[in-house]
Amino acid sequence: MTIPFLKLHVAGHDFILIDQDNLVSERTDYKPAHREVAELILDRRCGVGGDGCIFMISEKKQPGLKPTLIGRLFASDGRELPLSPDALLCIARLAMDTGRSNAGTLVIENTISERTYELTAIDSRSFLLPLPYPAVQPLTLIVDGRSAWAYRISMQTSYLVAGAVPGGPGAKRVRQALLAMEKTNDIPLVLRQHTKDIIRYVGPERTDRMESAVAAVLAAGFQGFVSDSGIPGLEGAIVAEWRGRGGAVSYASFPATPTTSQTSGPSTLIDRGRFWVNPDRNLGIQVVGKAEYVFDGNFDL
């Protein structure tokens with residue numbers, strides 16, 4: 001059986017996307033399970049390789065209406081995972097390019113989490129994805145007898161974010177303390193203020209860049225690192241940028257709600273690890289990003 005696929009990348013992660021609407025089996029008696037296909041195609045030595053395998057199919061609605069998209073995400077070991085923001089952007093990109101959007105709005109359902117996501121097209125490649133405002137738990141971190149601030153921020157993954165304070169332990173000792181706490185299953189992130197408008201943060205290399213940037217932004221905001229621009233509608237908007245194994249959060253004057261006529265924020269280069277984020281307690285976390293095609297091909301099972 002030959003399976004056509006697309007490979008896309010989003011903010012440092014690569015995905016295999018299989019469009020089941022165009023999947024035609026030459027052997028009707030052989031229908032491999034999704035997890036079986038994922039294990040084979042995601043193998044970086046013997047397959048194509050990727051951080052996840054996305055299966056996308058259209059659910060037909062009433063005549064004249066655009067279909068709802070159903071997405072499923074599988075890891076290389078065959079486990080099914082909830083759709084990540086990266087995976088949602090991959091589905092949205094292909095759906096837009098193949099005309100399966102409804103006036104710039106895409107509805108994507110995830111069967112495993114029983115959640116429905118609604119993405120808004122900013123342009124032909126960028127999409128606005130609202131995420132729920134995460135649970136934030138303030139903590140006090142004691143290092144060498146001195147206290148430092150810390151937050152546990154729970155999204156699809158739980159992050160333990162901490163930073164150095166004047167008169168307290170340095171960033172290096174804070175990072176060592178967080179690494180020693182890995183038994184908590186939290187992903188450690190260490191923040192430090194680089195300049196007036198830039199917060200740098202460091203985490204494990206394979207950390208999800210979008211989620212970790214949101215965690216860094218929230219922690220920086222709670223610590224008062226985020227200063228309002230003084231212009232109505234431009235408070236707290238940021239651009240998150242990764243550099244090497246670490247990252248930086250820089251603040252910019254982007255509209256709180258992007259529109260098709262305002263693309264200076266969303267059009268920031270994703271292939272350099274940049275995207276647009278705006279935390280809002282009432283609206284949740286607004287993320288604008290885009291998926292880029294790498295190549296397409298066929299995989300023989």
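None of the values given here were measured: they were computed from a predicted structure. Values below: every heavy atom of this structure, side chains too, minus hydrogens, waters and symmetry copies. This chain uses plain numbering: 1 for the first residue, then up along the sequence.
- Contact detail for Ser158 and Asp186: the closest heavy-atom pair is OG-OD1, 2.5 Å.
- The shortest distance between side-chain heavy atoms of Leu17 and Phe5 does not fall below 4.5 Å.
- At a threshold of 4.5 Å between side-chain heavy atoms, the hydrophobic network of Ile, Leu, Val, Met, Phe, Trp and Tyr places Leu6 and Ile57 in two separate groups.
- Under the 4.5 Å side-chain criterion, counting only non-hydrogen atoms from C-beta, Trp149 is in contact with Leu191.
- For the pairing with Ile3, the side chain to side chain contact (heavy atoms under 4.5 Å, CB included) check across Asn298, Leu40, Ile18 returns one residue only, Ile18.
- To the nearest 0.5 angstrom, Arg35 atom CZ is 10.5 Å from Asp77 atom CG.
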For Met155 and Ile153, what are the C-alpha separation, side-chain angles and deciding distance, and is it a side chain to side chain contact (heavy atoms under 4.5 Å, CB included)? CA-CA 7 Å; Met155 291 177 274; Ile153 300 176; 4.1 Å; yes
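- When all heavy atoms of Met96 and Leu106 are compared, the pair lying nearest together is N-CD2, 4.2 Å.
- By the 4.5 Å heavy-atom criterion applied to side chains, Leu139 and Leu160 are counted as neighbours.
- To the nearest 0.5 Å, the span separating CD1 on Ile108 from OH on Tyr117 amounts to 9.5 Å.
- For the side chain to side chain contact (heavy atoms under 4.5 Å, CB included) with Phe55, the qualifying choice from Val37, Ile16, Leu73, Ile91 is Val37, the only one to do so.
- Nearest heavy atom pair, residue Phe127 against residue Ala121, reads CD2-CA, 3.7 Å.
- Looking at Met56 and Arg100, their side chains come closer than 4.5 Å, going by heavy atoms from C-beta outward.
- Ile187 places none of its side-chain heavy atoms less than 4.5 Å from the side chain of Ser212.
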Check the pair Leu218, Tyr133 against side chain to side chain contact (heavy atoms under 4.5 Å, CB included), reporting the backbone distance first and the verdict last. CA-CA 10 Å; Leu218 290 176; Tyr133 199 89; 3.5 Å; yes
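- Ile54 and Ile70 end up in different hydrophobic clusters when Ile, Leu, Val, Met, Phe, Trp and Tyr side chains are linked at under 4.5 Å.
- In this structure, Leu128 CG and Thr105 OG1 are separated by 10.0 Å, a value rounded to the nearest 0.5 Å.
- Nearest heavy atom pair, residue Leu141 against residue Ala150, reads CB-CB, 4.2 Å.
- A side-chain donor-acceptor contact under 3.5 Å links Asp14 to the backbone of Asp51.
- Applying the under-4.5 Å side-chain rule to Ile, Leu, Val, Met, Phe, Trp and Tyr, the cluster around Ile112 consists of that residue alone.
- Connection of Ile41 to Met1 is established within a shared hydrophobic cluster, with ILVMFWY side chains joined at heavy-atom distances below 4.5 Å, either directly or through further cluster members.
- A heavy-atom distance below 4.5 Å is found between the side chains of Asn110 and Pro82.
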Walk me through whether Glu292 and Arg125 qualify under side chain to side chain contact (heavy atoms under 4.5 Å, CB included). CA-CA 8 Å; Glu292 295 287 6; Arg125 299 187 298 171; 3.2 Å; yes
Should Thr111 and Glu80 be marked as a side chain to side chain contact (heavy atoms under 4.5 Å, CB included) after you check the CA-CA gap, both sets of side-chain angles, and the distance that decides it? CA-CA 10 Å; Thr111 54; Glu80 185 169 5; 3.9 Å; yes
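- In this structure, the separation between CZ on Arg72 and CD on Glu109 is 13.0 Å, given to the nearest 0.5 Å.
- For the atom pair CG (Leu8) and NZ (Lys290), the distance works out to 13.0 Å, reported to the nearest 0.5 Å.
- With contacts defined as side-chain heavy-atom distances shorter than 4.5 Å, the pair Pro85/Leu131 qualifies.
- Side-chain contact, Ser58 with Asp21: a donor N or O sits under 3.5 Å from an acceptor N or O.
- The aromatic rings of His34 and Phe74 sit parallel, their planes meeting at an angle under 30°, below the 60° perpendicular limit.
- The distance from the OG atom of Ser154 to the CD atom of Gln137 is 7.5 Å, given to the nearest 0.5 Å.
- Remark: the backbone N or O of Gly49 is paired with a side-chain donor or acceptor of Lys7 at under 3.5 angstrom.
- The two residues Val143 and Ala177 make their nearest non-hydrogen contact at CG2-CB, 3.8 Å.
- Summarising the geometry of Ser84 relative to Phe15, their closest heavy-atom pair is OG-CZ, 4.3 Å, with the distance given to 0.1 Å.
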